Amino acid sequence: MFLNSSIRRTSINGLGVCSRWIHQSFQRDAVSESNVITSVKKQNLKRNPKSNRSIRRNRYNDLRVQVERDVIESLEKNKKSSLKSPHDKYNRLKIKFDPRFEGSFKDFGISSRLDRQLHEKLDISRPTDNQRRILSILCSGISVLAVASQRSGSSTCLLLYALSIRGRSLLLAPTTLALLQLQKLCHSLEVQDVAFLYRSSEEDELNQEKQLDLKTPQVMVATPQRMLDLISKNNSDPLYMRLHELKFLGVDDADIQLLNDNKKVVHERPAQILINYIMKLKETISSTKNIQPLQFGFIETLDISNKLLNMIEENKWNVSRTLLPIGLLAKGDVLARARINQSARLSIVIGDSRKVLDFKLPPLSTGMEVLSKIRSPIGKEFDENAKKHLTTQLQKDKTLSQLISDEILDALPTVSAKLRKKKSLLICPDSITIRTIMEQLTKLGYSSKQLSSSTANFFNDENEQSQFLVSTPSQLPGLNLEGLASVICLGLHALKDAKTLVLIAGKSQSPRVTLILSKSKTTLVERFMIERILLKSGVASLTPLIGETDNYDEKAYQVLFSDIHGETSS
Ligand SMILES: Nc1ncnc2c1ncn2[C@@H]1O[C@H](COP(=O)(O)OP(=O)(O)OP(=O)(O)O)[C@@H](O)[C@H]1O
């Protein structure tokens with residue numbers, strides 16, 4: 001704590017907080033934070049091998065100088081552009097905690113009680129790198145937009161911050177399952193005075209409301225839809241839930257909650273409507289009462305564009321408090337490659353009534369070619385139309401056999417046998433009734449369970465005899481599935497798009513992801529859709545599963561899509 005206090009009032013510049021922007025502006029010439037830290041560490045060890053404290057203090061100062069020099073050099077190299085350093089705007093900000101200090105949660109502003117409970121009940125004693133970075137900013141009273149990798153502890157970190165501050169907080173969870181996970185965490189930490197608000201049975205919802213009527217809790221964890229339900233139900237009382245007193249608003253998986261998948265869809269998502277309502281309420285009431293400005297914690301995991309940052313600026317959510325964008329985007333050479341969990345192995349198989357084969361595609365592009373392909377305007381247009389095409393199909397096809405063809409279900413036993421995994425997560429299209437697919441699985445001789453709050457331990461539970469845990473893509477954001485090793489997607493409708501692939505592949509350390517396609521439903525257009533999904537998610541290669549590859553008309557494919565991908569796609 002002392003060490004961290006000692007660096008108070010030091011400029012935030014140099015902590016890599018804007019590394020996302022630096023990477024975007026300078027691409028390969030960008031400052032590599034880890035290199036800088038390692039080189040400075042070496043210098044300091046030479047200088048003063050004994051005193052840890054002075055090493056850390058010096059290290060911080062040296063890092064600052066080093067990063068500034070690197071930024072200036074990068075700017076000079078980039079002579080053609082008249083770009084200003086993205087750090088400029090943040091030069092005068094002060095933070096209280098050094099994110100590189102390997103301390104406990106307490107050293108990053110989390111209450112001693114929570115720090116102790118985390119250690120005693122969950123055996124968690126140190127924050128992850130990502131948690132240190134987020135907490136060092138939040139605990140300095142600054143809003144944050146953090147681009148974080150999946151399973152890096154972001155949700156836990158937002159909850160711990162909300163529980164540690166004096167003042168009211170609201171945490172928005174992307175799904176009910178993700179919310180129930182946070183509820184479980186609160187139970188383990190023996191935390192009280194937290195309300196969990198989500199759409200549920202009539203009885204559950206009444207109980208939630210009774211709790212709110214008795215006393216507005218300090219911390220509310222909610223889904224945006226449920227918050228809007230409660231606000232509209234009590235619209236005669238604008239002070240219901242005391243939202244005007246909110247001090248902190250955390251939005252987990254904010255890209256999923258706030259951004260529209262389809263560029264052409266312009267309606268506002270529930271989370272956006274809710275945040276704007278709260279901002280307006282605070283603004284109206286602050287003219288009569290002394291209201292604290294709202295601090296935000298946005299976590300972004302799948303989207304790597306500037307869309308969310310633009311939305312924050314357009315909606316002026318960063319006006320009352322400065323907001324810092326943080327998080328490294330480009331760990332590899334090319335931005336796009338950084339998206340998918342690189343330890344995941346992806347196989348695609350295609351089946352007809354006779355046999356199952358590995359899916360064949362033209363060799364996947366590498367290097368800068370990937371960027372030019374995914375950024376090509378006709379390519380983007382194709383993606384939008386492809387999404388529309390899939391959605392229209394989903395709206396039209398209502399029967400199970402139309403959504404998941406017999407060919408896909410027929411291929412499942414072969415895939416299962418080849419994978420040699422005892423249990424898999426089975427992903428079905430969003431519009432399907434999971435019960436129907438479970439009945440089909442029973443006919444094929446498999447036992448399965450539907451994903452729910454009680455199946456969190458499905459993959460680690462040795463007594464669990466079912467082979468498949470069945471889910472849809474929209475249930476997955478924010479969900480931890482410990483022990484997951486294999487995921488099978490039933491058809492292109494189940495995989496949906498590049499973001500869903502990135503989401504699925506990030507669900508565990510190194511999962512095996514298998515997509516099963518049906519031969520009769522996979523035309524050249526579907527093939528091209530898959531190629532673009534792989535390019536956009538940063539998949540470098542496919543892992544063969546069967547050992548024998550299918551055939552398609554490569555010449556026709558090239559002719560059909562050469563306009564979009566150019567001659568190089570052959
Ligand atoms: N500092 C830590 N050390 C060890 N384990 C941790 C730590 N923080 C969180 N965890 C555990 O890691 C898992 C993932 O945490 P959490 O859900 O907060 O991550 P996330 O980044 O929000 O995940 P997601 O990708 O699902 O959004 C949980 O089981 C949590 O208990």
Side-chain angles (χ1 to χ4, degrees), residues 99 101-110 114-136 138 144-164 171-189 191 221 223 250-258 297-304 308 326-328 339-341 343-344 425 451 453 455-460 471 473-484 487 499-511:
F101 177 58
E102 291 173 6
S104 63
F105 278 97
K106 202 168 113 190
D107 295 323
F108 286 87
I110 297 303
L114 283 173
D115 185 275
R116 203 174 46 246
Q117 292 288 83
L118 278 166
H119 184 59
E120 285 172 9
K121 310 279 179 197
L122 299 169
D123 199 22
I124 295 178
S125 47
R126 292 192 184 280
T128 61
D129 288 356
N130 177 48
Q131 289 171 331
R132 292 202 303 249
R133 289 160 71 91
I134 297 174
L135 286 175
S136 62
L138 285 180
V144 71
L145 162 60
V147 181
S149 48
Q150 287 169 263
R151 294 173 297 104
S152 57
S154 314
S155 323
T156 309
C157 166
L158 287 185
L159 179 69
L160 292 175
Y161 178 68
L163 293 170
S164 297
L171 273 195
L172 296 180
T175 64
T176 300
L177 284 178
L179 176 144
L180 293 173
Q181 216 167 252
L182 291 173
Q183 188 177 38
K184 208 165 148 197
L185 179 61
C186 284
H187 283 159
S188 311
L189 297 175
V191 173
V221 182
T223 58
V251 190
D252 197 12
D253 293 303
D255 43 348
I256 293 172
Q257 295 204 53
L258 287 162
F298 294 100
I299 307 293
E300 191 177 16
T301 40
L302 302 180
D303 196 83
I304 52 167
L308 192 55
I326 64 164
L328 277 178
R339 293 193 68 188
I340 198 157
N341 170 5
S343 313
L425 175 69
L451 181 76
S453 56
T455 53
N457 205 27
F458 181 92
F459 296 100
N460 274 343
S471 150
S474 61
Q475 290 180 294
L476 295 177
L479 197 69
N480 298 319
L481 292 165
E482 300 302 333
L484 171 74
V487 186
K499 273 190 200 166
T500 313
L501 178 57
V502 174
L503 174 73
I504 291 170
K507 282 289 143 203
S508 75
Q509 189 97 42
S510 52

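In this chain, numbering begins with 1 at the start of the sequence shown. Just so we're clear, the structure is a prediction, and the values are computed from it rather than from any experiment. Computed from heavy atoms alone, side chains included, the values below leave out hydrogens, waters and symmetry copies. Counting convention: from 1, in listed order, for ligands and their atoms alike.
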- Query: Heavy atom under 4.0 Å from ligand 1: found in Arg126's side chain, backbone, both, or neither?
  - Reply: backbone
- Item | Residue pair Ser149 / Asn130, side-chain donor-acceptor N/O under 3.5 Å | no
- Atom indices of ligand 1 within 4.0 angstrom of Gly478 heavy atoms, with elements: 26 (O), 27 (O)
- Message: Yes or no, since that's all I need: does a protein heavy atom fall within a distance strictly under 4.0 Å of atom 26 (O) of ligand 1?
- Response: yes
- Query: Is there any N or O on Asn480 that sits under 3.5 Å from an N or O of ligand 1?
  - Reply: yes
- Query: Just by modelled atom types, is the Ala173 backbone N or O under 3.5 Å from a matching donor or acceptor in the Asp253 side chain?
  - Reply: no
- Task: Report yes if some heavy atom in the side chain of Leu451 is under 4.5 Å from a heavy atom in the side chain of Leu177; otherwise report no.
- Result: yes
- Query: Hey, does the side chain of Glu482 reach the backbone of Ala456 with a donor-acceptor pair shorter than 3.5 angstrom?
  - Reply: no
- Check whether any N or O atom of Gly153, backbone or side chain, sits under 3.5 Å from an N or O atom of ligand 1, and answer yes or no. yes
- One finds that the ligand 1 atoms under 4.0 Å from a non-hydrogen atom of Gln150 are 25 (O)
- Message: Suppose I only count heavy atoms of Phe105 and a 4.0 Å limit; which atoms of ligand 1 are within that range?
- Response: 1 (N)
- Answer yes or no: is there a donor N or O on one side and an acceptor on the other, between the side chain of Ser154 and the main chain of Gln150, under 3.5 Å? no
- Is there any N or O on Ser154 that sits under 3.5 Å from an N or O of ligand 1? yes
- Message: If I apply the N/O under 3.5 Å rule, does Gln181 come out as touching ligand 1?
- Response: no
- Note on the structure: So the atoms of ligand 1 within less than 4.0 Å of a heavy atom of Ile124 turn out to be 1 (N), 2 (C), 3 (N), 4 (C), 5 (N), 6 (C), 7 (C), 10 (N), 31 (O)
- Give, for atom NZ of Lys499 and atom CG of Asp303, the distance between the pair rounded to the nearest 0.5 Å. 4.0 Å
- Message: So which atom in Tyr161 and which in Leu135 form the shortest heavy-atom distance, rounded to 0.1 Å?
- Response: CB-CD2, 4.1 Å
- Taking only heavy atoms of Glu482 into account, list the atoms of ligand 1 that are under 4.0 Å away from them. 29 (O)
- Note on the structure: Among Leu185, Leu479, Thr156, closest by heavy atom to atom 18 (O) of ligand 1 is Thr156
- Message: Between Asn341 (side chain only) and Ser508 (backbone N and O only), is there a donor and an acceptor less than 3.5 Å apart?
- Response: yes
- Is the shortest distance from a heavy atom of Ala148 to ligand 1 less than 4.0 Å? no
- Message: Which residue and atom name correspond to the protein heavy atom nearest atom 23 (O) of ligand 1, and how close is it?
- Response: Arg151 N, 3.4 Å
- With backbone taken as N, CA, C and O and side chain as the heavy atoms from C-beta onward, which portion of Thr128 lies under 4.0 Å from ligand 1: side chain, backbone, both, or neither? both
- Among protein heavy atoms, which sits nearest to atom 8 (N) of ligand 1, and what does the distance come to when rounded to 0.1 Å? Gln131 NE2, 2.9 Å
- Task: Could you tell me whether the side chain of Lys121 and the main chain of Leu185 form a donor-acceptor pair under 3.5 Å?
- Result: no
- Query: Which of the numbered atoms in ligand 1 are below 4.0 angstrom from a heavy atom of Pro127?
  - Reply: 1 (N)
- For ligand 1, does Ser155 get within less than 4.0 Å through its side chain, its backbone, both, or neither, judged by non-hydrogen atoms? both
- Any chance you could measure Cys157, atom SG, to Ile134, atom CD1, to the nearest 0.5 Å? 4.5 Å
- Message: Apply side-chain contact (heavy atoms from CB on, under 4.5 Å) to residues Leu189 and Leu160 and explain how you reach the verdict.
- Response: CA-CA 10 Å; Leu189 297 175; Leu160 292 175; 4.2 Å; yes
